[in-house]
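For reference, the structure is listed below as structure tokens.
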Protein chains: 2
Amino acid sequence: MIRHPHFAPIAALIAEPPRAVMLAELLGGRALTATELAAGAEVAPSTASAHLAKLVAGSLLSVEVQGRHRYYRLAGREVARALETLGVLVGPPLGEDPFERAALHELRFARTCYDHLAGQLGVAMRCALLERGILREDGVEHRVTGRGEAWFAAFGVDLQAARRARRSFARRCLDWTERRPHLAGALGAALLGRLVDRAWVTRRCNERALDLTLAGRSALARELGLRF
Amino acid sequence: MIRHPHFAPIAALIAEPPRAVMLAELLGGRALTATELAAGAEVAPSTASAHLAKLVAGSLLSVEVQGRHRYYRLAGREVARALETLGVLVGPPLGEDPFERAALHELRFARTCYDHLAGQLGVAMRCALLERGILREDGVEHRVTGRGEAWFAAFGVDLQAARRARRSFARRCLDWTERRPHLAGALGAALLGRLVDRAWVTRRCNERALDLTLAGRSALARELGLRF
DNA sequence: TTAGTCCTTCGATCGGCGCCGAAGCGTCCT
DNA sequence: AGGACGCTTCGGCGCCGATCGAAGGACTAA
């Protein structure tokens, strides 16, 4: 008698460490090549190839062939959400050796969470937006206040476009490392977009970690009273 | 370099078919004993015991000892959410043999989704509530209209209590079988509670499937214009 | 065409883990 | 008390699947 969704096959795809690392890496939001993913997971190219084939077959990933490169990315927002939700269940890693500790520290400070900002910076920004009366909490969502409309407009965020988007507008997303909520949804994505446009934060290549630039540091202090 | 949440161990807990079945069974929302879970997963008691121990160690489940019985339940709402989100990624099962098809059919019609109503009935109820102007959509949430306040009060749902609950009020939840949204959150849970109180739907023992009673059938037709 | 990448397929190896039955411990019924 | 029941621990078996190296196809740049 089958009375259940078949969790097992999907979970099995995620359950193997190399595959989990690949997925986590792709959770950064950008597409990566097979070799990059193999290096990240620390397995032979042939092994990585087999894993990637399974992930594609299970429609967790999609491939795009460009010349002799194959770019893999998460198959959709649902996959990202499922992974993030799963991530809430796993405790933050401890980081034994000094190198790991350093990397973890940076990751904790600021990173991308698929398409929006996460880490201490993400949590702090949401707090500041709430405190300044730019956002208001509303269950798992957020609403933009009257004052907020102006603030986002001045910041270059197109609220109408964000509202039209076929996705959640400003979802609350539990931060994996901070265990406190940050801002996701269309608004969160737009916000990160503007932060990158203005070079207040910069993406690192092939990493999820983000760097707060000096310009960003002072701008955030000025705009939202954030100190780091 | 560890830069990721460690998905693998958690996913591995879900990845083994017997464990996945146990989790799915507990997603029904009630606590079950070790033997019940063993029977459901179709493994020997000793095997089930080992699996359950792992699930508890991984804090996906919690145990409550009552006499010589051990009642297992999901460790928290987060676990339920993670499983549901994962469930969206897995296609609905096909059901080859006639028995499975029948069971699946019933499951599709009405079932519990942790603590709220799911299946065709759940989806239809949400639709009716929206059409009758009792609820209004609001992103991934719902709001109760003025008319809705009265309707829920008449139905015996304590909206204040639902709003005070430390959880999402009326979240939209993607239905696993229907692929259309039904109503979750505190309001969804309260609604199911009243439906069961009034014996409009009845829980089956050790199954997720729910039965719509004759009284419920006519009451839902009267109250919300639903026909089945 | 030729050389150099990128990636996959194939074949063989090996280790981890699920599986069960038997035995043991604790709890409940009479 | 005695016996039945619920559940766990232990020991040994067996299998699935991850792993790698080597070889082959695909594409690019000269």
Side-chain angles (χ1 to χ4, degrees), chain A residues 4 6-26 30-75 205-206, chain B residues 4 6-26 30-75 205-206:
Chain A
H4 314 288
H6 291 71
F7 290 129
I10 293 280
L13 287 176
I14 311 174
E16 215 56 34
R19 287 197 291 258
V21 171
M22 292 171 172
L23 289 169
E25 221 132 69
L26 290 169
R30 30 178 71 174
L32 299 174
T33 67
T35 14
E36 286 170 333
L37 289 166
E42 300 180 323
V43 291
S46 58
T47 308
S49 181
H51 285 309
L52 289 169
K54 293 192 183 191
L55 289 171
V56 170
S59 44
L60 288 182
L61 297 186
S62 62
V63 213
E64 196 175 333
V65 183
Q66 269 183 28
R68 56 184 168 181
H69 295 276
R70 301 203 158 199
Y71 284 93
Y72 290 88
R73 63 174 74 243
L74 294 187
C205 55
N206 300 338
Chain B
H4 313 290
H6 290 71
F7 291 128
I10 293 280
L13 287 177
I14 312 175
E16 215 56 35
R19 287 198 290 258
V21 171
M22 291 170 172
L23 289 169
E25 220 132 68
L26 290 168
R30 30 177 73 174
L32 299 174
T33 67
T35 13
E36 285 169 335
L37 289 165
E42 299 179 325
V43 290
S46 58
T47 308
S49 180
H51 285 310
L52 289 168
K54 294 193 181 190
L55 289 171
V56 170
S59 45
L60 289 182
L61 297 187
S62 61
V63 213
E64 197 175 333
V65 182
Q66 268 182 29
R68 57 182 168 182
H69 295 277
R70 303 202 158 199
Y71 284 94
Y72 291 88
R73 62 175 73 242
L74 295 188
C205 53
N206 300 336

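Just so it is clear: chains get the letters A, B, ... in the order the sequence lines come, proteins before strands, and each one is counted from 1. Small disclaimer: the values here were computed from a predicted structure and weren't measured. Atoms considered below: every heavy atom in the structure, side chains included; atoms not considered: hydrogens, waters and symmetry mates.
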Phosphate-side-chain proximity, A:His51 and D:dG17, N/O vs OP1/OP2 below 4.0 Å: no

N or O in side chain of A:Lys54 less than 4.0 angstrom from D:dA18 OP1/OP2: yes

Output the rounded distance in Å from [atom1] ([X]) to [atom2] ([N]).
{"X": "B:Glu64", "N": "C:dT27", "atom1": "CD", "atom2": "C1'", "result": "17 Å"}
{"X": "B:Tyr71", "N": "C:dT27", "atom1": "OH", "atom2": "C1'", "result": "14 Å"}
{"X": "B:Arg68", "N": "C:dT27", "atom1": "CZ", "atom2": "C1'", "result": "6 Å"}
{"X": "A:Met22", "N": "C:dC7", "atom1": "CE", "atom2": "C1'", "result": "12 Å"}
{"X": "B:Glu42", "N": "C:dC20", "atom1": "CD", "atom2": "P", "result": "11 Å"}
{"X": "A:Glu36", "N": "C:dT5", "atom1": "CD", "atom2": "P", "result": "17 Å"}
{"X": "A:Glu16", "N": "C:dC17", "atom1": "CD", "atom2": "C1'", "result": "11 Å"}
{"X": "B:Leu52", "N": "D:dG6", "atom1": "CG", "atom2": "C1'", "result": "13 Å"}

Nearest to the side chain of [X] - [options]?
{"X": "B:Tyr72", "options": "C:dC7, D:dG6, D:dT8", "value": "D:dT8"}
{"X": "A:Pro18", "options": "D:dG6, D:dT19, C:dC19", "value": "D:dT19"}
{"X": "A:Thr35", "options": "D:dC5, C:dC7, C:dT8", "value": "C:dC7"}
{"X": "A:Ser46", "options": "D:dT9, C:dT27, D:dG21", "value": "D:dG21"}
{"X": "A:Pro45", "options": "C:dT8, C:dC28, D:dA18", "value": "C:dT8"}
{"X": "A:Arg70", "options": "C:dG21, C:dC7, D:dT8", "value": "C:dC7"}
{"X": "A:Ala34", "options": "C:dC7, C:dG18, C:dC20", "value": "C:dC7"}
{"X": "B:Val43", "options": "C:dC6, C:dC20, C:dC29", "value": "C:dC20"}
{"X": "B:Ser49", "options": "D:dT9, C:dC7, C:dG18", "value": "D:dT9"}

Where A:Ala75 and A:Ser59 come nearest, the two heavy atoms and their spacing: CB-O, 3.4 Å

Closest approach of A:Pro18 to A:Ala41 (non-hydrogen atoms, all atoms of both residues): O-CB, 3.8 Å

Under 3.5 Å donor-acceptor pair, B:Thr47 side-chain atoms to C:dG18 base atoms: no

5' priority, DNA chain D, between B:Thr33 and A:Ala44 [closest heavy atom]: B:Thr33

Measure the shortest side-chain to side-chain distance between [X] and [Y] over non-hydrogen atoms and say whether it is less than 4.5 angstrom.
{"X": "B:Arg70", "Y": "B:Thr33", "result": "no"}
{"X": "B:Leu26", "Y": "B:Leu37", "result": "yes"}
{"X": "B:Tyr72", "Y": "B:Val63", "result": "yes"}

Test item: A:Glu42 side-chain N/O and A:Ala39 main-chain N/O as donor-acceptor pair under 3.5 Å: no

